[in-house]
Amino acid sequence: MIYPVFTPEEAAEYVQNGMTIGVSGFTIPGNPKVIPPAIAKKAVREHEAGREFKINLLSGASSNDYTDGELSRAHAINMRAPYQSSPELRKRINAHELHYDDRHLSEMAQEFRYGAWGKMDVAIIEAQSITDDGEIVLGTAVGNSPTWLKYADKVMIEINKQIPESIRGLHDIYLPLDPPNRREIPIYSAHDRAGEPVAHVDPKKVLCVVYSDMPLGKESKFTPVDDTTRRIGQNVCDFLVNEMKQGRMPKSFLPIQSGVGNIANAVLDALDQSTDIPPFEMYTEVVQDSVMKLLLSGRCKFASTCSMTFSHEAMMEFFDHIDKLHDKLLMRPSEISNNPEVIRRIGVISMNTAIECDIFGNINSSHIGGTRLMNGIGGSGDFTRNAYTSIFLCPSIKKDDTISTIVPMVTHVDHTVHSVDIIITDQGVADLRAKDPIQAAEEIIEHAAHPVYRPLLREYLKLSKGGHIVQNLDYALSFHRALLKDGDMRKADFSKFLADDK
């Protein structure tokens, strides 16, 4: 091999204060695992010596504790984009200790190529292998790696010995041209290949190769399906079956996108058990453990993704069955896996989770109480705005009935009602299509809200002072006020507010 082999510590010495670093991966998989901790240790040494040391960190989506966690604990991040899910990083973002720009994942690479993020000093890319002429077999996720490899000044390659050679061929690396030269992305179904199985880098830019032997999968599995999430999953299936019966969805079905977490797993489990929904394809941004079960059983015929977000056990099982699964999955760059053009063309059914929904159909998927960031918008906007049918999922209540996820007004808006078709909770299905705001509110209250909160929500509607949207700004956040004051949204008291108003 023509590239020098460095230790993680030697690689970290190249990184200097103020640099912009791009990392591979998308969610936990595919991220570098040994160089970022070495950079974090360097940051600690620099801070102890009284010197400033912070970097700007760009990724495909969230990363892992080796990257976001270690660098956050070392106070080594100045700016972070486009998404995160690290408790350590979240704590520092909410404390305004660093800058965080929450972006639609499909737009990040394009915005970088347009120059909106400045130049990239170093790209750190996890891979299975690299040839002397710069041909790279990536790891268990793609993210924005192809763009980072092309535009970074220098590149460090982490070759993870845990990635088997059998991964070759599971990637579909396609870089679109930028306007005004962009052409149609040649994907017409979830299983179409548009690009190459390998990524490329100019060998002259490769600063070093660093070897690692780190686990590939997530540290833990998601919370098991419970009664609430099971009802949500069944309600999703019932809705989709009815859509086919009513002729609003082809009986051959459509590709689906499913987010990450226990609700998404519950939906996929319900789809697996349904006898009324035919075998289907997925065009999504992540596949998790339940998808592998669907692939092995044949319920999922093909999965297009950006990342294999598997637990460690599921990742090992995937490669144990690679002969059977090799032709059933492709990993693409995030600007392709989340691409609005493709999503709209092939008719993806999007299913994403919400923190809270208001009675008119606006969705908060990123901030608690309107201020405290959880993870970010991620790819939900990419799919929601362009889906054949956009669905949002959440339990109707949380924390022993003290929190209703259906509220008069959301405290933060990620997705407006214009992009939201369906809201599904454990209580039922609220169909917002072809309804005015009052009709939508009545639909959500009757079919998505928990019975404990329906009387309060109906009472709120009576407080209207006119207008197309019947919000009452004096009382719109009364549920949240009651939660802050009394720890229970059920304590919202509109009659008291009305008396004060008089």
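Note that the structure is predicted; figures quoted are calculated from it, not measured.
Inter-residue side-chain proximity for Ser212 and Glu158 is flagged as met; some heavy-atom pair is nearer than 4.5 Å. At least one side-chain heavy atom of Leu330 sits under 4.5 Å from a side-chain heavy atom of Phe302. Between Ser63 and Ser86 the shortest side-chain heavy-atom distance does not fall below 4.5 Å. Proximity of Val348 to Pro255: side-chain heavy atoms (C-beta onward) are separated by under 4.5 Å at one or more points. Asp358 has its side chain out of reach of Glu356: every pair of non-hydrogen atoms, C-beta onward, lies at least 4.5 Å apart. By the 4.5 Å heavy-atom criterion applied to side chains, Cys394 and Thr353 are not counted as neighbours. The closest side-chain heavy-atom distance from Gln110 to Thr147 is not below 4.5 Å. A heavy-atom distance below 4.5 Å is not found between the side chains of Phe6 and Ile35.
Donor-acceptor pairing under 3.5 Å is lacking for the side chains of Thr228 and Asp426. At a cut-off of 3.5 Å, with distance as the only test, a side-chain donor of Asp382 or Ser106 sits close to an acceptor on the other residue. Using modelled atom types and a 3.5 Å distance limit, the side chains of Asp289 and Ser311 yield a donor-acceptor pair. Between the side chains of Ser334 and Asn144, at least one donor-acceptor pair of N or O atoms lies under 3.5 Å.
Residue-environment remark: CD (Glu165) stays at or below the threshold of 12 foreign heavy atoms within 6.0 Å. Atom NZ of Lys205 has more than 12 heavy atoms from other residues, nucleotides or ligands within 6.0 Å. The 12-atom threshold is exceeded at NZ of Lys119, counting heavy atoms of other residues, nucleotides or ligands nearer than 6.0 Å.
Judged by distance alone, the side chain of Arg299 and the main-chain N or O of Leu271 form a donor-acceptor pair under 3.5 Å. Put simply, the side chain of Arg92 never gets that close to the backbone of Leu98: no donor and acceptor are under 3.5 Å apart. One N or O on the side chain of Thr305 and one on the backbone of Glu285 form a donor-acceptor pair closer than 3.5 Å. Of the possible donor and acceptor atoms, none in the side chain of Tyr283 sits under 3.5 Å from a partner among the backbone N and O of Ile349. In this structure, the side chain of Lys328 does not engage the main chain of Met292 through any donor-acceptor pair within 3.5 Å. Judged by distance alone, the side chain of Asp414 and the main-chain N or O of Ser366 form a donor-acceptor pair under 3.5 Å. A donor-acceptor distance shorter than 3.5 angstrom exists from the side chain of Asn235 to the backbone of Arg231, with no hydrogens or angles considered.
Residue Met214 comes nearest to Asn160 through the heavy atom pair O-ND2, 3.2 Å, listed as atom of the first residue, atom of the second, then distance. Taking every heavy atom of both residues into account, Pro32 and Asn64 meet most closely at O-ND2, 3.7 Å. Taking all atoms of both residues into account, the shortest heavy-atom contact from Gly139 to Ile163 is CA-CD1, 3.7 Å. The shortest heavy-atom contact between His104 and Ile377 is CE1-CD1, 3.4 Å. Among all heavy-atom pairs drawn from Gln84 and Met374, the shortest one is NE2-O, 2.8 Å. Closest non-hydrogen pair, Arg433 versus Arg248, comes out as NH2-NE, 3.8 Å.
In this structure, the separation between OG1 on Thr140 and CD on Gln162 is 11.0 Å, given to the nearest 0.5 Å. Remark: Met282 CE to Leu268 CG distance equals 5.0 Å, nearest 0.5 Å. Going from atom CD1 of Ile346 over to atom OG of Ser189 covers 7.0 Å, rounded to the nearest 0.5 Å.
Salt-bridge formation is detected for the pair Glu126/Lys33: a Lys NZ or Arg NE/NH1/NH2 atom is positioned less than 4.0 Å from an Asp or Glu carboxylate oxygen. A salt bridge is absent between Arg385 and Glu107: the closest approach of a Lys/Arg side-chain nitrogen to an acidic carboxylate oxygen does not fall below 4.0 angstrom. A salt bridge does not link Asp202 with Lys204: none of the charged nitrogens is closer than 4.0 Å to a carboxylate oxygen. Salt-bridge annotation for Asp178 and Arg182: present, with a side-chain N of the basic residue lying under 4.0 Å from a carboxylate O of the acidic one. A salt bridge between Glu97 and Lys54 is absent, with no side-chain N of the basic residue lying under 4.0 Å from a carboxylate O of the acidic one. The residues Asp192 and Arg332 are annotated as not salt-bridged, no charged nitrogen and carboxylate oxygen being separated by less than 4.0 angstrom.
Every residue two or more places apart in sequence or in another chain was checked for a salt bridge (charged side-chain N to carboxylate O under 4.0 Å, His left out) with Asp102, and none qualifies.
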From CA spacing to verdict: side chain to side chain contact (heavy atoms under 4.5 Å, CB included), His412, Ile355 | CA-CA 10 Å; His412 173 86; Ile355 290 175; over 6 Å; no
Steps toward side chain to side chain contact (heavy atoms under 4.5 Å, CB included) verdict (Val209, Ile130) = CA-CA 9 Å; Val209 167; Ile130 179 172; 4.2 Å; yes
Full working for side chain to side chain contact (heavy atoms under 4.5 Å, CB included) between Val210 and Met156 = CA-CA 7 Å; Val210 176; Met156 301 177 184; 5.7 Å; no
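Listed by first and then second residue, the salt bridge (Lys or Arg N to Asp or Glu O under 4.0 Å) pairs that reach into residues 267-280 are Asp272-Lys293, sequence neighbours excluded.
Tyr151 and Phe112 have perpendicular rings, their planes meeting at more than 60° on a 0 to 90° scale where under 30° would count as parallel.
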